[in-house]
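The structure appears right after this line, and notes come after that.
When a ligand or atom number is given, it counts from 1 through the structure's own listing order.
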Amino acid sequence: MPLPMKSLPLLFALFWAGSGVAAATEYQVTIAGMKFSAPPAELHVGDVIVWRNDDIFRHTATARDKSFDIDLPPKSEGRMTIGRAGAVDFYCRFHPAMTGKLDVRP
Ligand SMILES: [Cu+2]
């Protein structure tokens, strides 16, 4: 008997709960035209963010609370694992008008 489509998310949830392993997800936040792309809405501790600078300028992804500071030369990437829950505002040290916010759940 085919399962109805709407039961699939439940099946996946049960699979992950049963495996005992949190599903760490990798996300990319891109800098282009002196702007950060919108970070993912659903972030959790253990997820990875790959910051990618597509500009020809050097940027940083720097947390206001100093929990991270990723240096991003032109056309480069920097990777970080999210270590704690909470809201963190970030900006670029060289261009303070470049800002964004991560909202991390446990
Ligand atoms: Cu910058």
Side-chain angles (χ1 to χ4, degrees):
M1 180 178 83
L3 287 163
M5 285 304 285
K6 66 182 175 186
S7 68
L8 280 175
L10 176 63
L11 285 175
F12 280 115
L14 289 171
F15 172 75
W16 285 115
S19 73
V21 176
T25 310
E26 186 173 302
Y27 298 98
Q28 186 168 279
V29 175
T30 304
I31 302 172
M34 310 284 288
K35 280 184 181 162
F36 291 102
S37 66
E42 181 102 2
L43 279 172
H44 293 91
V45 172
D47 286 347
V48 171
I49 293 185
V50 177
W51 303 89
R52 194 174 100 199
N53 179 8
D54 275 346
D55 276 345
I56 57 168
F57 309 105
R58 184 180 173 192
H59 295 297
T60 69
T62 304
R64 299 236 184 253
D65 68 2
K66 299 184 164 55
S67 57
F68 58 85
D69 184 18
I70 312 287
D71 187 38
L72 295 163
K75 308 292 179 188
S76 73
E77 287 185 350
R79 163 185 292 261
M80 71 176 209
T81 302
I82 298 173
R84 64 186 188 203
V88 186
D89 290 300
F90 60 87
Y91 66 107
C92 170
R93 280 190 276 118
F94 304 118
H95 312 102
M98 292 174 58
T99 61
K101 183 178 187 173
L102 301 182
D103 212 340
V104 181
R105 296 164 207 203

- [ ] Anything protein N, O or S sitting under 2.8 Å from the Cu ion (ligand 1): count it and give me the total.
- [x] 3
Open item on the list: Just to verify, what does D54 make a salt bridge (charged side-chain N to carboxylate O under 4.0 Å, His left out) with, not counting sequence neighbours?
Closed with: R52
Task: Sub-4.5 Å side-chain heavy-atom contact between T62 and F90 - done: no
Open item on the list: For a quick test of reading the model, state the closest non-hydrogen atom pair linking R93 to T60 and the distance between them.
Closed with: N-OG1, 2.8 Å
Open item on the list: Tell me if a side-chain donor or acceptor on D55 pairs with a main-chain N or O of G33 at a distance below 3.5 Å.
Closed with: yes
Open item on the list: Count I, L, V, M, F, W, Y as connected when their side-chain heavy atoms are under 4.5 Å apart, and connections chain through other members. Are V29 and Y91 then in the same cluster?
Closed with: no
TODO: Please report the shortest heavy-atom distance between V45 and A85, naming the atom on each side.
DONE: CG2-N, 3.4 Å
